[in-house]
Structure formats: structure tokens, C-alpha cells
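Quick note: residue numbers are just sequence positions, from 1.
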Amino acid sequence: MNTASDSADGHRWLTDEEQRVWRSYLHASTLLDDHLDRQLQRDAGMPHMYYGLLVGLGEAPRRRLRMTELARKSKITRSRLSHAIARLEKNGWVRREDCPSDKRGQFAVLTDEGAEVLRRTAPGHVTAVRQALFDRLTPEQQKTLGEIMQIVAEGLQPSEAGADLPWLR
């Protein structure tokens with residue numbers, strides 16, 4: 001059904017224009033994710049998600065975060081994070097440290113070698129982001145896109161109290 005009005009089955013379907021926008025968004029976001037993943041694999045031998053973890057640690061005080069906080073910030077399960085950190089440890093880019101105040105807690109810490117990888121990789125990544133997204137948009141379109149994404153993110157940002165969120169598992 002192609003109208004936004006309620007149908008006989010009680011569903012409010014997307015209009016033709018909404019369907020066009022939705023599919024354009026899905027297509028573009030998939031292509032952008034793939035583009036950035038390929039660039040980072042080529043330039044640094046890591047997927048985009050790993051780069052995001054390194055950036056998160058690089059921006060943290062003393063380049064360290066509790067594993068639970070890093071999972072929350074990255075919006076990934078603790079299990080997936082643990083696997084990713086193990087791979088980054090193997091490369092020498094991250095190390096784990098036990099939390100002195102919580103026997104079960106651990107910190108992920110960006111090593112000097114990891115910081116150097118970020119320093120070398122960031123210019124190429126920024127170029128890829130700029131060419132794929134920002135260079136294609138006018139300043140007004142960039143502003144509008146930022147406003148739209150902020151509205152969408154705020155509407156989807158769950159209250160973590162009592163929420164069944166993957167990154168809290």
C-alpha cells in the first residue's frame with residue numbers, strides 16, 4: 001500500500017515519496033559504510049568498527065575507558081567488543097587493564113602504537129569521509145543533514161534505565 005493513511009489492516013504505510021527517501025537512505029548508508037570499511041581495510045588493515053573503538057579510546061581521558069563504557073559508546077555488545085579488543089590487543093594497539101575498584105571490571109587502553117596507527121590513518125579516513133559525503137553537499141545541505149540526523153538520534157536514544165539494550169548485555 002502506498003498511502004500514509006491507515007489501511008484496512010490498521011497499518012500506516014509509507015507514501016511513495018517516503019518509500020523513495022527511505023530506500024535512498026538505506027542505499028546510501030550501506031554504500032557509505034562499505035566505502036569507509038574498504039578504505040580502512042586498505043590503509044590500516046582494520047574494519048571501520050575497530051577504527052571507531054580506537055578513536056573512542058583516543059578521545060578518552062588517559063586514552064582509557066571501562067569496557068562497559070566503550071561498549072555503550074560504540075553501541076555494540078560486550079561480547080563483540082571483547083572479540084574486537086582481543087584483535088586490537090594482538091596488533092599491539094590496545095591493552096586491557098584490570099579495574100582496581102571492581103574485580104570484574106576491565107579497562108581498554110590505547111597504546112602508544114595504537115595512537116600512532118590513529119595518527120597515520122586519520123588523514124586518509126577524513127579524506128574518504130569528505131569525498132564520500134561532505135564534498136557532495138552544499139554547506140546548507142550539510143547543516144540540514146546534521147539537524148535531521150540529530151533529530152533522528154534523539155528520537156531513538158533509549159533511556160538505559162531498565163532498557164534491554166545489546167550494549168548492556
Side-chain angles (χ1 to χ4, degrees), residues 1-7 11-78 80-81 84-85 88 93-94 108 110 114-169:
M1 179 165 276
N2 291 323
T3 67
S5 61
D6 290 337
S7 65
H11 294 288
R12 186 171 170 242
W13 299 100
L14 298 179
T15 64
D16 289 342
E17 179 61 11
E18 289 169 335
Q19 188 69 249
R20 184 194 67 74
V21 170
W22 175 242
R23 290 183 183 194
S24 293
Y25 165 79
L26 287 177
H27 187 66
S29 63
T30 300
L31 289 172
L32 182 59
D33 285 344
D34 180 65
H35 175 74
L36 297 176
D37 217 38
R38 283 184 288 116
Q39 176 269 319
L40 286 164
Q41 284 288 357
R42 182 185 64 243
D43 292 357
M46 76 175 101
H48 194 217
M49 184 188 82
Y50 290 15
Y51 181 80
L53 294 173
L54 294 180
V55 168
L57 291 172
E59 293 174 344
R62 297 177 35 213
R63 300 188 322 203
R64 62 191 281 140
L65 283 172
R66 291 278 304 248
M67 292 282 283
T68 52
E69 177 65 11
L70 187 55
R72 188 190 65 74
K73 284 180 67 152
S74 304
K75 307 290 188 262
I76 60 175
T77 64
R78 289 183 233 181
R80 188 170 180 203
L81 175 65
I85 293 297
L88 293 169
W93 300 343
V94 171
L110 183 67
E116 178 59 23
V117 167
L118 268 180
R119 188 194 65 72
R120 284 192 324 261
T121 305
H125 185 63
V126 169
T127 297
V129 169
R130 183 169 296 289
Q131 290 172 343
L133 184 64
F134 293 105
D135 289 351
R136 299 173 188 276
L137 303 175
T138 66
E140 184 177 296
Q141 289 170 323
Q142 291 175 24
K143 183 176 187 266
T144 300
L145 179 62
E147 290 167 351
I148 291 167
M149 292 294 98
Q150 184 171 351
I151 290 167
V152 171
E154 287 172 358
L156 293 172
Q157 186 64 43
S159 163
E160 292 190 9
D164 181 29
L165 301 172
W167 51 90
L168 296 179
R169 291 186 208 138

Quick one: closest heavy-atom pair of [X] and [Y], and the distance?
X     : Y      : result
Ala60 : Leu65  : CB-CG, 3.6 Å
Leu70 : Ala108 : CD2-CB, 4.0 Å
His35 : Ala128 : NE2-O, 3.7 Å
Glu18 : Thr15  : OE1-N, 2.8 Å
Arg63 : Gly58  : CG-O, 4.3 Å

Applying the side-chain contact (heavy atoms from CB on, under 4.5 Å) criterion to Gln131, which one of Asp135, Val129, Leu133 satisfies it?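 Answer after filtering Asp135, Val129, Leu133: Asp135.
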Atom CG of Leu36 and atom CG of Leu32: how far apart are they, to the nearest 0.5 Å? 4.5 Å
Any chance you could measure Leu81, atom CG, to Lys73, atom NZ, to the nearest 0.5 Å?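 Answer for the CG-NZ pair, Leu81 versus Lys73, is 12.5 Å.
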Would the number of heavy atoms belonging to other residues, nucleotides or ligands and lying under 6.0 Å from CZ of Arg42 be above 12? yes
Do Leu145 and Gln141 make a side-chain contact, defined as non-hydrogen atoms from C-beta onward lying under 4.5 Å apart?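 Heavy-atom side-chain distance check fails, nothing below 4.5 Å.
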Do Leu156 and Val152 touch side chain to side chain, with heavy atoms closer than 4.5 Å?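 Contact flag for Leu156/Val152 side chains = yes.
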Would you call Asp34-Arg38 a salt bridge at under 4.0 Å N-O? yes
What I want to find out is whether Lys143 reaches Glu147 closely enough, with some N-O distance under 4.0 Å, to be called a salt bridge. yes
With a 3.5 Å cut-off and sequence neighbours excluded, list the donor-acceptor pairs that the side chains of residues 45-54 form with protein atoms.
none

For residues 117-126, pull every pair meeting side chain to side chain donor-acceptor pair (under 3.5 Å), keeping only residues two or more places apart or in separate chains.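 Side chain to side chain donor-acceptor pair (under 3.5 Å) check on residues 117-126 returns Gln39-His125, Glu116-Arg119.
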